[in-house]
Every structure is written in C-alpha cells, then in structure tokens.
Amino acid sequence: MKSTELLITIFLFAGIWASHAAAEPSGPGNFTSDQFSKSGICSNCHGSSFGEWSGSMHSNADSDFFYQAMLQEYGRAAEAQGLPPEFCSRCHTPIGMVSAEIPPLDGSHLSEVSKEGVQCDFCHSVAESEGIGNAPYVLEPGDVKWGNRADAVSPSHGIEAHEFYNESGYCGMCHNINHPVNNLTLAATYTEWEESPYAEEGVTCQACHMTPGIVGFEENPGKAASTGPKREHVYTHYFVGANAFVTDVMGEGRHEKRAIEYLQHAAELKVTAPDSAEPGDNVEVEVGVTNTGAGHKIPTGVTEDREMWLELTVEDSEGRELYHSGALDSEGKIDSGATVYHTIFADSEGKPTAKAWEAESILSDNRISPKESVVEKYSFIMPENASNPISTKAVLHYRSAAQEHIDELFGKGAYNVPVIDMAAYPEEKKSSTPGFGIIGAGIALFLGSTLRRLKR
Ligand code: HEC
Ligand code: HEC
Ligand code: HEC
Ligand code: HEC
Ligand code: HEC
C-alpha cells in the first residue's frame, strides 16, 4: 500500500514537474527573428485582418513615440538599479525580446519584423501560456498558425485550433502588468474584467475588441481568408481602445476615430441639481457616473498616465458663472479641486510618481468598476446678484496622458493631448428630433418650475 502511494506521489510530482518544464515562457535568445514572418506576407490572403491591424496600437506598440520616450527613461533607471532591461519589450516588441535584439534599448539592433510590435505571426505562434500577466507566452513559430477555428484549412500553412484564442486569458497575458522586482500591480485590465459581471456572462475581450460591437459581441459575416469559404462571423483586428492621442499624432485616423467611439460608449452621467435658489442658499449638486459599456474599470491600462475627470459648470439665467470645477488652466492642467479618476503610484519615499518602475505602493485608485456607479457631491453658496433659473452642465472628459507629463517628456508645445468628451449632461443633441411627447413634457416641467418660483 505504502509503496504504491509513494509511487503515485512520485508519478504525480514528476508529472507536475514535466508539464511545468514544458511550459517555460519564451525568453531572450530562444529564437531568431527570421523564424517569424512579416505581416505583409499574411496580408496576401488575410487582407482584411491586415488592413484592420495596420495602424492599431498593436502594430505601433514598438514605434509609439510616447512608449519610446518612457522606454529610454526606463533604460537609464534599469542600468542604475539593475532592473531587467528587456522587461518592457516582452509586451511592446515580443519578437525583439525573444530574438535578443533588445537590449540595446535604442532599438538599433531591431529587425524589421521586430519593429512590427504585436503582430500577426507573433500572436498566431503562441502555443500556450503560463498564466496571466507579464507576458508568459510559450512560442512555437513555424509552419503551424494557431487560431480558434477547428475546421479551417490553409494551402500555405498548418492550422492548430486552441480554445484559448477565444478566451480573455489570451489577452490577459499582456494586459496585466506587475512590477518586475516588487511584484506590485501596475495594470490589471484582465483582473478587472475577471471580477466583473461580463466574465460571468461570458462577454470576453474579443467580443468587444474583435467584433464590430463596442459593448458586446456583434456578428461580422465575411471571409477570414480571400481563398477561404464564406463565414457567418470573422473576428476583426482593429484592437481599438481609447488612444486618440498617439493615433492622431501618428496619422492613424481610422483608429483615432474608433477610439473616440469606444470612449463615447463607455459611460453615462446623471445630474441632480435645483433650478433655482435664494441668495445665501447652500446649493448642492450631485453627479452620478456609471460605467455602462467597458468590461473593465474606466479608465483602465496604464492609469498612472490616463486621466478621466468631471467638469461641472453652473450658470445663472444671464450666463454668469456661479460654480466651475474641472476646468483646464492655460498650461492644460486640470484644476486642483476637480474629481479625477486614475491611479497614483508612490515611490520608496511615499512620493507620487508617474514612472511605473519607481512604484512601491498605490497611493490612490478611484476608478469606476464595470456596471458600477459613483456619485460626486458639489456645493456652493448662491451669490447676491445671481438671477434664477440656474442651469447645470456636466461633462466627463478623458485624455491619454496629463499635458504636463507630455510637456516634460517632449518639451512645451510639442504635442497637444486631445481631450475627448465621453458623456455630457444635458445630453448633447442627438441627430434625431425628440417626439412631441418629450417636448410637451419639457414645457410642463418648465412651467412647473416657474410656478414654484412664483409661489415663493
Ligand atoms: C496563401 C494564402 C495564405 C497566406 C499567405 C496565409 N494564410 Fe492563413 N489561412 C489561409 C486560409 C485559406 C485559411 C483558412 C480560412 C478559413 O477556413 O476560413 C487560413 C487560416 C488561418 C488561421 C486560422 C484561423 C482560425 O481561426 O483558426 C490563422 C490563425 C492564420 N491563417 C494565420 C496566418 C498568418 C499569421 C499568416 C502569415 C504568417 C498567414 N495566415 C498567411 C490562407 C493563407
Ligand atoms: C504580446 C502582448 C499583448 C497581447 C497578447 C495582447 N495585447 Fe493588446 N496591447 C499590447 C500593448 C503593448 C499595447 C499598447 C501599445 C501602445 O500603446 O504602445 C496594447 C494595446 C491594446 C489596446 C488599446 C488600444 C487603444 O486604442 O487604446 C487594446 C484595445 C488591446 N490591446 C486589446 C487586446 C486584446 C483584445 C487582446 C487579446 C485578443 C490583446 N490586446 C492581446 C500588448 C498585447
Ligand atoms: C494580439 C494578437 C493578435 C494579432 C496581433 C493578430 N491576431 Fe489574428 N487573431 C487573434 C485572436 C485572439 C483570434 C481569435 C479570436 C477569437 O476566436 O475569439 C484571431 C483570429 C484570426 C483569424 C481567424 C478569424 C476568424 O474569425 O476566422 C485570422 C485569419 C487571423 N487572426 C489572422 C491574423 C493576421 C493576418 C494578423 C496580422 C495582420 C493577425 N491575425 C494579428 C489574435 C491576434
Ligand atoms: C463590454 C465590452 C468590453 C469588454 C468585455 C472589454 N472591453 Fe476594453 N474597452 C471597452 C470600451 C467601451 C473601452 C473604451 C473606454 C475605456 O477606456 O475603458 C475599452 C478600452 C480598453 C482599453 C484602452 C484603455 C485606455 O484607457 O487606454 C484597453 C487596453 C482595453 N479596453 C483592453 C481590454 C481587455 C484586455 C479586455 C479583456 C480582459 C477588455 N478590454 C474587455 C469595452 C470592453
Ligand atoms: C505585461 C505587458 C507589458 C509590459 C511588461 C509593459 N507594458 Fe507598456 N503597455 C502594455 C499594455 C497592454 C498597454 C496598453 C494599456 C492601455 O491602453 O492603457 C501599455 C501601454 C503603455 C504606454 C502608453 C502608450 C500610449 O500610446 O498611450 C506606455 C508609455 C508604456 N506602456 C510604457 C511601458 C514601459 C516604459 C514599460 C517598461 C517599464 C512597459 N510599458 C512595460 C503592456 C506592457
């Protein structure tokens, strides 16, 4: 009995060890870059996928000037503090990393295929993953391309089907980032999704980011390959999120436009405010923000850089400003009293830092979870000379980085970070005109409030 148990234990242990050893993540020098095909080769038969991917932040993951500026800063810190020099490249130029073309971090040894960032043959050579975060992919480049379609046949390459390509965990390889030394969570889009109702409902990253539906799966009939059969659905490769800054500067207009559309499908505002007040009254305004469309927190990703904030303006009947929060000053800085949703990292001395590699703890994180609402409260004293009725306007803004940070990196005047309006109250005019019922209700409300004022 005892010896059988021992044998089983040995077998189990050996099994675990063997499977573990077989799934070591690919690392520096495991491959050469000529083992991977340039994306232009795939475009011969996969023209649509290529056209969609081309210009995406995946295709620009290495050439992105914002990333490059931060990478060079990381390079100097890595040298001084003994941090792994290839860390950023695992996700931003995975072929450059596994072919040991990086370091040097100036990219002078990178081949053309490595400069394509997160590209076709890299993504379709992932045979397995060791888990979530910090890019634990196991690559098997060569004739076989991995995908999710069991019945696909190609004249030019082998195909292996792997359910994993249809799961969020595939994206989770790179969309969760931990500090390379102290393991602090730096970005956790996958975890935010995993803990959300979307995970329970089976709405994956692919459903929102690889189909025409922004807030869920939508069919895209067509062909996956020009020489292949017609399919009821073909996954798209735009991989659009929220980047309307770098896409704009790099001339990727299609992806910039789509990013704005994504941002405008993510949130809703609800405002509770009085329409009149007496001089000296304490006027209270509540703004509710709901994450209605994103399968993760808003904002998500590198949220030490991203900024989402509320601008609230209250005016009297003559257009005089009674209250204003969330305005930008002449330098493009958000006023210090505003509600800003983002993450603030602290360095070893507890001071705020925007450099993820200096982060040792999280000072604050007030982002909004999927399908959750938060309510912000504002108040002011009604001035003597103000005239009723008063009107309230709220806007939820987003930008990819603080103007200050971009000025610091590239010099003042180099780039103007665009501000995108995600949602507004009252809602901006829609193209369709409201029916009589709504206009009627509006008049009734207006009359109602006039009557209330007359009664005082
Ligand atoms: C000569 C034409 C041709 C070229 C070149 C080509 N493919 Fe394909 N590929 C096909 C055809 C045909 C299919 C099958 C499509 C179908 O059944 O709908 C296919 C299927 C695939 C699939 C499977 C899709 C799935 O869901 O399982 C993947 C992944 C793929 N190709 C990746 C690539 C990559 C990456 C490259 C470039 C390195 C490439 N292909 C180059 C013709 C080609
Ligand atoms: C090899 C790592 C890697 C994998 C795997 C990966 N990504 Fe990314 N992804 C990146 C990097 C790096 C960026 C940021 C590039 C940049 O901005 O410089 C990015 C950016 C994005 C963006 C943001 C674009 C924008 O407009 O803001 C979206 C959306 C996205 N990825 C979706 C996905 C989805 C969906 C999957 C899974 C099917 C996936 N990614 C798999 C590395 C990866
Ligand atoms: C970030 C990784 C990533 C990149 C980059 C990428 N793909 Fe894909 N691709 C995927 C995933 C994941 C799927 C499967 C989606 C699913 O089934 O949910 C897929 C699906 C496909 C399919 C099958 C589509 C279908 O529905 O039948 C083809 C063909 C394909 N990719 C080709 C390409 C080509 C060509 C490129 C480069 C232009 C490319 N891919 C770039 C991850 C990627
Ligand atoms: C229900 C739809 C939905 C699902 C599911 C979803 N996303 Fe998103 N995603 C969005 C929308 C809408 C936006 C734009 C608003 C925002 O920035 O969050 C977005 C934005 C993004 C961004 C850009 C964030 C930024 O500010 O730079 C990334 C990266 C991203 N998604 C990756 C993912 C990954 C990875 C998954 C799966 C773990 C995923 N998304 C699941 C809808 C979705
Ligand atoms: C585990 C994968 C991973 C690693 C490692 C990684 N990144 Fe990223 N990086 C991403 C993803 C995914 C995004 C996109 C998230 C989003 O849209 O907010 C991103 C976005 C960025 C952006 C924003 C780019 C833009 O266009 O707005 C910068 C800058 C950046 N990374 C710098 C770095 C630096 C510097 C390092 C190394 C210290 C690094 N990254 C390491 C995955 C990674």
Side-chain angles (χ1 to χ4, degrees), residues 36-54 56-68 70 88-95 97 116-126 129 135 137 141 144-175 177 189-190 204-211 217 220 222-247 252 255-256 258-259 262-263 300-302 306 400:
F36 296 87
S37 298
K38 284 182 67 179
S39 302
I41 291 174
C42 319
S43 98
N44 286 328
C45 304
H46 300 295
S48 308
S49 311
F50 177 83
E52 293 154 3
W53 166 84
S54 186
S56 69
M57 288 315 299
H58 279 163
S59 75
N60 285 319
D62 181 64
S63 52
D64 178 346
F65 64 92
F66 180 20
Y67 162 68
Q68 280 296 334
M70 294 296 279
C88 316
S89 313
R90 284 199 77 84
C91 297
H92 286 265
T93 166
I95 298 177
M97 188 281 292
E116 289 184 343
V118 182
Q119 55 95 274
C120 315
D121 210 14
F122 160 75
C123 274
H124 289 288
S125 296
V126 177
S129 161
Y137 43 74
V144 171
K145 308 300 169 207
W146 270 262
N148 174 47
R149 224 184 251 300
D151 67 341
V153 186
S154 162
S156 82
H157 55 76
I159 293 177
E160 196 93 48
H162 200 324
E163 191 47 40
F164 166 55
Y165 276 77
N166 195 29
E167 294 167 359
S168 291
Y170 179 90
C171 317
M173 291 190 292
C174 302
H175 283 267
I177 315 174
T189 304
Y190 174 82
T204 60
C205 318
Q206 288 88 335
C208 295
H209 291 286
M210 295 188 74
T211 83
F217 183 90
N220 176 49
K223 283 182 167 192
S226 51
T227 53
K230 271 203 110 180
R231 301 284 191 182
E232 267 164 35
H233 172 70
V234 179
Y235 282 93
T236 61
H237 282 71
Y238 289 106
F239 300 112
V240 161
N243 206 327
F245 167 44
V246 173
T247 48
E252 315 289 13
H255 290 81
E256 178 200 354
R258 277 173 191 270
Y262 268 72
L263 284 166
T300 191
V302 291
R306 312 304 190 207
S400 295

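As a basis for the values below, the full set of heavy atoms in this structure was taken, side chains included, without hydrogen atoms, waters or symmetry mates. Source: prediction; values computed, not measured. Counting convention: from 1, in listed order, for ligands and their atoms alike. Along the sequence shown, residues carry numbers from 1.
In this structure, the ring of His209 has its center less than 6.0 angstrom from the ring center of Tyr262.
The residue from Asn148, Val126, Val234, Asn220 that puts a heavy atom closest to atom 24 (C) of ligand 3 is Val234. Between Ala259, Ala242, Cys91, Ala207, it is Ala242 that holds the heavy atom closest to atom 27 (O) of ligand 2. Distances from atom 23 (C) of ligand 2 to the heavy atoms of Gly241, Ser129, Ser63 put Gly241 nearest.
Closest to atom 20 (C) of ligand 1 among all protein heavy atoms lies Ile159 CD1, 3.4 Å. Looking at atom 14 (C) of ligand 2, its nearest protein heavy atom turns out to be His92 CE1, 4.2 Å.
Using a 4.0 angstrom heavy-atom cutoff, Phe36 does not count as in contact with ligand 1. Under the 4.0 angstrom criterion for non-hydrogen atoms, Ala161 is not in contact with ligand 1. Using a 4.0 Å heavy-atom cutoff, Phe122 is listed among the residues neighbouring ligand 2.
The backbone of Trp146, and not its side chain, has at least one atom closer than 4.0 Å to an atom of ligand 1 (non-hydrogen atoms only; backbone = N, CA, C, O). Heavy atoms from both the backbone and the side chain of Cys42 come within less than 4.0 Å of ligand 1.
Polar contact with ligand 1: absent for Asp151 (N/O pair, distance under 3.5 Å). In terms of polar-atom proximity, defined here as any N/O pair under 3.5 Å, Asp64 does make such a contact with ligand 2. The distance criterion of under 3.5 Å between nitrogen or oxygen atoms is met by His157 with respect to ligand 1. Checking only distances, Asn243 does come within under 3.5 Å of ligand 2, N or O to N or O. On a distance-only criterion, Asn44 and ligand 1 share no N/O pair closer than 3.5 Å. An N or O contact shorter than 3.5 Å is missing between Ser49 and ligand 3 by distance.
Interface of His46 with ligand 3, defined as ligand atoms under 4.0 Å from a residue heavy atom, comprises 29 (C), 35 (C). Per-residue contacts place Met210 under 4.0 angstrom from the following atoms of ligand 3 (heavy atoms of the residue considered): 9 (N), 10 (C), 11 (C), 13 (C), 19 (C). Per-residue contacts place Cys120 under 4.0 angstrom from the following atoms of ligand 3 (heavy atoms of the residue considered): 34 (C), 35 (C), 36 (C), 37 (C), 38 (C), 39 (C), 41 (C). Each of the following atoms of ligand 3 lies closer than 4.0 Å to a heavy atom of Gln206: 18 (O).
Distances under 2.8 Å from atom 8 (Fe) of ligand 2 pick out the protein N/O/S atoms His58 NE2, His175 NE2.
Under 2.8 Å from atom 8 (Fe) of ligand 3 lies no N/O/S atom of Cys123, from backbone or side chain alike.
Between Lys145 and Asp121 a salt bridge is recorded (basic side-chain N to carboxylate O distance below 4.0 Å).
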